[in-house]
Amino acid sequence: MELAALEKQLRTLQTESTTKIGAASSLADLEELGSSLLGKKGALTDLLRGIGSLSAEDRPKIGALANEVRTAIEAALESRRTVAGAAELSARIANETEDATTPGPLPAFGSLHPIPETISAIGQIMGSFGFTVAEGQEVEDDVTNFQLLNIPEDHPSRDLWDTLYLREPGRLLRTHTSPGQIRTMRAVEPPIRVILPGRCFRYEAVDASHGFEFHQVEGLLVDRGTTLADLKGILDELARGLFGPAARTRFRPGYYPFTEPSVAVDVSWGGSKDGWMTILGAGMVHPIVLENGGIDPETHQGFAFGLGVERIAMLRHGIPDLRALLENDLRMLRGLR
Amino acid sequence: MRIPLSWLRELVDVQLTPEQLADALTLRGLEVRGVERWGSAWNKMVVGELLEVGPHPRADRLQLTKVRIGKDQVLEVVCGARNIAAGQRVPVALIGALMPDGRTIERAEKMGVASEGMLCSGAELDATDDGDGILILDAKAPLGTPLSDYLGEDVIDVDVKPNRGDLLSILGLAREVAAITGAPVNYHARSITESGEKVSDGLSLSVDDAGLAPRVVLRVVDGVKVGAAPDAVQMRLKAAGLRSISNVVDATNYIMLELGKPTHAFDRRAVGAKIHVRLAKRDETLETLDHVSRTLDGSDLVIADERGALALAGVMGGASSEVGDQTSSVIIESAVFAPTSIRRSAQRHSLRSEASHRFERGQELDLAPVAAEQVAALISAWAGGSVCAGSLDSDPKAIGTLRALPFRPARVRSLIGVEIPSQKQASLLASIGIQCSDVTAASPVQVTRTRTVNAEKGSLLLANVPAWRRDIEFEADIAEEVARLYGYDQIPPTLPGRDLPGYRPQPTTLRDLLRAQLAALGVSEAVTHALVSEALSDRHAEPVGLVSGELAESEGAASSALLALANPLSVDHDRLRRSLLPSLLDRAEANARYGAQSGALFEVGRGYGGGSGGPQEWTRLAVIAWGEMGAAAPGERPRVWDLNEMKRVITLLTGVADASPRYLPLVDGDSTLLHPGRSARIGGAGIAGLVGELHPGAPEWREAPRFILAEFALRGLSAGLPKVRQVTLPPTTPPVQRDVALAAPAGVAVGDLVALAREAVPLAVRVELFDLFSGAGLAEGERSVGLRFTFQPPQATALDEAISDQLAAFTTSAGKRFATRVRGAEAE
């Protein structure tokens, strides 16, 4: 082939290609054009097959021209790709557009019940003072629930606990978590720091603040030289943990057969609900109880406290009626999430 | 104990307002339940003076009065009572006054004469028992004063703890008030004049067992005229919460309140000559004052005469010797009885009286003669008569003494945690009558009932505890008195800074993780009753598999008999649940009734049962869910709770404890609660439970939403925590998967096939169900079960032969056991 003819064909290929490329509208078309023009079996390769018949001095000329044509086509492809790509992207976006401002559909809401949550909160607060959780049994015997706690049979203090008895003689439903004190002391060597949360039972008519089933958390610390002042310190912290940093406590003498001295603790947390609410009973573990737990009251002293979980849960969550806690109405529970 | 303050003031000077006094007592440990003004309901009632009393023009039984209620205020009042005369001061209810019986006083015409108010009787005011005459006030009663100011009374109600029987009296309270204010207690005993016959001339006294009745004192008052007690006495008793009975009985009640010492008055005529304090004979009967005939027990203590029981000692008198209008002579019995004996009698006969309440708490021996004398003095003052000479006394030497209790002030300091000097401790104790003295020799300190510790004299003080403080027995009791008198509010809080216990895992860790997971999954936590009814456990029959079968055995609940209450509050709560499902289902149904078309609840709680080794308790997790899971967006299909959704939850939950659930067919009788065709046992290492849909059988369930239930034991899972998982690096060789499709005849459970596959192909790290269908190419009822086995060989093709062998073994044994045939096997 003549040099001139080949040069012309190459120029024509460049012109025609640029026109085709300019007319292509999609990235896919451009991809196809690219390979039909520049690919292994493309038009350019096709034209250059004739190069073998050229003289040695013409070949570099054609080679240079072919490169020029290739570069021009590639540039045209690239610039067209940019345009087509942008158009395609905006078309896709337009196509995929929906109204993202519709309200989110509600998931299934679950919540945690105030009673276990309050127990858990107490566990966390007390945990920071080295108290771990231990759990006693709810079906108890008269000996552990009463007698070992210095509540002898036929003592008037028994009137403080109206008891539900099982048909099996001597078996009862624990009236408080305090028998856990005995079981813990018998199982663990001092120093002891435990809390004993759990369900308790009493023969009591149900009203807005009483139930025959309720929960308590017992606390027990036994060590050398434990004092009533230590009890005050720990309970102050517990009150602040439960009711906020402004909570104040008031300690006044109380009566429990298993503590001596005994304390009744009132709490006040300021604000509109000011006033003293009795939230727990406490005291120094009675020497007789220490002895019944296998601990020498001459070498060790301890304190114990017991609080009513429902009352604290009601105060914390603003629940006006204790019965609502066992109703398990989802409309209330879901509000606690 | 209701304390009228005017009475307290007779014994001790009180400058505090009732509210201040209540606060001070509360901070000393005498919890005041309330402060009230007795008589505050007397609105629009005033003190008036009768100016004129004259006949009514038209009615003989009425009188016309002019009554002045203020300087220039005179009312015309018609009155039917006969005991009035000019010059008397009387209570006047004005127009508009609301009477205690609910009547309102209105301007009224009475037989043609307008009445501008009403003169009141004691009964009309609910102040005394006298309804016949007008309540005549003191001549110095200030004119026009509101009646509530003049006759009203401040009353504080003290919650007396069982250890402080001494506070069930005005005297006891006066002692505590004295300790607060520093004022002295002034109890002026009334003196008596004895005359006439000696008591011992006509009566004898014998006490069988001085242990049961350490001291019995009898006095006699002759020539009494039984009638009403003085108005002031009746009102005081009423303010204190007691009903007025008669002058004689009121005298015993008055002294009971004043000194805390119950006594009893017998009609002398109905009593023989020989008073005998003894145990009742078996089946002896006694009609008590409440007119109930009671059959006595050989352990009831009675006051008897030669004919039989007269009174149940310390609890209640007998009807036959009751003091009445005809009584002219009374025997006063003032005794101290063994507290336990009285408590048991009162409980046995369900007769708790003011007297038994006090006897149960113990009595001072010295008070027996004192109370007998004081009652005699009051009877002779209020009912006339003369106090017979002398008394009968079973044991005049039985007197309460000061108990000397050595204590270590240093131990008191160590218990309280405040440096209270020994002298300060002594002065605090002295304020409530516990005088301290020095100890001259080493002495034993009473630490507990059985434990004494010898202490050097220099380290001791001797507390001389008065007889009325029966509650002070040990050194710790002294510490409480010191702390209480020092003031709990004066004790600075400290934090215990000694040894900490060693690490112990928290038993609640797993439970709290599961609870948090469930809440995040949209399930709400419930707390339901542990005490359930027979009806509830019947209707929602506790799944047998969970309470006594093999599943239960896995958590120690085997052969768990139902635990029933001996004294249930009601049949609704008379037994302990074994499974959580009945009470949880009850709450789910309640929610559905309230309109919850969907919902999900869970509970972590205990089941209870009786086994051969005594009662047992186990911890379960139960879930119940129904309806849609969350809301669907418009055009979206909602996810609905079904068996598979519940299984996803179970997989997530058990995965927390690194366990994997397996599902196996129910064994016959596992549950009548669950749909027989849509339920399964949950198994796998550490897991035991049931899952299924509520049985559609019972009528009330047919209309109900589809409840999906699951319950499983936590015992096996808890053992897995705290668990630190070991890392498995991604394998360098690709996993090998083999699919096996089996045609399974009707009735073959996929769970059984999967279990067999796991057993027969131990090389597989995972066995999944990837396909399950019936229909085309299968016989009637037959199902195609596609199982995908995943293997992780150490090098490519390393295990090919072993894998093939195991899969072949599986298909062979499945064919034998379940009559399946291989539809295809494919390697990938």
Side-chain angles (χ1 to χ4, degrees), chain A residues 105-113 115-116 120 123 130 132-133 135 137-139 154 156-157 159 164-167 171 191-193 199 203 212-213 221 223-230 232-233 236 251-255 260-261 263 284 286-288 291 297-298 301 326 328-330 333-334, chain B residues 26-27 29 161-163 340 343 360-361 414-418 447-448 453 476-477 479-480 483-484 488 491-496 498-501 504 506-508 512 515 518-519 521-527 529-530 563-567 569 587 591 596 599 608 615 617 629-633:
Chain A
L106 294 180
F109 286 118
S111 58
L112 294 172
H113 193 280
I115 290 175
S120 177
T132 50
V133 174
E135 291 180 317
Q137 54 198 73
E138 295 171 23
V139 179
D154 297 315
S157 60
D159 294 348
L164 287 163
Y165 293 94
L166 293 186
R167 288 197 188 143
R171 299 272 186 204
I192 296 171
R193 293 188 184 205
R199 201 184 283 251
Y203 189 95
F212 55 87
E213 287 180 27
L221 185 153
D223 199 354
R224 294 173 194 277
T226 306
T227 69
L228 192 59
D230 291 339
K232 268 189 97 167
D236 271 351
F251 291 71
R252 54 189 172 81
Y255 169 69
E260 193 78 30
V263 190
M284 300 301 291
H286 199 291
I288 288 177
E291 199 171 61
E298 276 298 294
Q301 296 176 173
L326 287 172
N328 297 298
D329 189 326
L330 279 165
L333 294 178
R334 284 179 179 141
Chain B
T26 297
L27 287 176
K161 306 297 184 196
N163 62 331
T340 301
R343 182 173 167 85
E360 280 179 22
R361 284 155 175 73
S414 134
L415 278 169
I416 299 174
V418 182
V447 177
T448 68
V453 173
D477 298 323
E480 176 168 81
R484 177 170 88 87
Y488 280 19
I491 300 171
T494 55
L495 284 177
R498 292 183 155 262
D499 292 345
L500 284 168
R504 287 194 318 139
Q506 292 273 18
T508 49
D512 287 344
R515 293 173 54 240
L518 279 160
L521 288 167
V523 188
S524 289
E525 186 171 26
V527 173
H529 281 296
L563 293 177
L565 295 184
N567 61 331
L569 278 144
R587 292 297 86 204
N591 271 291
Y608 316 77
E617 295 170 33
M629 311 169 74

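Reminder, nothing fancy here: chain letters follow the sequence lines and each chain counts from 1.
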Item to check | Close side-chain approach of A:V263 to B:Y488, heavy-atom, < 4.5 Å | outcome: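 With C-beta onward as the side chain, the pair touches.
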Counting only non-hydrogen atoms closer than 4.5 Å, does [X] touch chain A with its backbone (N, CA, C, O), its side chain (CB onward), both, or neither?
{"X": "B:V453", "result": "side chain"}
{"X": "B:A483", "result": "side chain"}
{"X": "B:P492", "result": "backbone"}
{"X": "B:S414", "result": "both"}
{"X": "B:N163", "result": "both"}

Item to check | Which residues share a side chain to side chain donor-acceptor pair (under 3.5 Å) with A:E291, sequence neighbours left out | outcome: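 Side chain to side chain donor-acceptor pair (under 3.5 Å) list for A:E291, sorted by chain: B:T448, B:T450.
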Next on the checklist: Test of understanding: with side chain to side chain donor-acceptor pair (under 3.5 Å), list the residues that count as partners of B:E360, not counting sequence neighbours.
Outcome noted: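 Applying side chain to side chain donor-acceptor pair (under 3.5 Å) to B:E360 gives B:R343, B:R352.
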Report the distance from atom [atom1] of [X] to atom [atom2] of [Y], rounding to the nearest 0.5 Å.
{"X": "B:D477", "Y": "A:H286", "atom1": "CG", "atom2": "NE2", "result": "5.5 Å"}
{"X": "A:R167", "Y": "B:N567", "atom1": "CZ", "atom2": "CG", "result": "10.5 Å"}
{"X": "A:D230", "Y": "B:L415", "atom1": "CG", "atom2": "CG", "result": "11.0 Å"}

Checklist entry - Can any side-chain N or O of B:N591 pair as donor or acceptor with the backbone N or O of A:L330 at less than 3.5 Å? => result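 Present.
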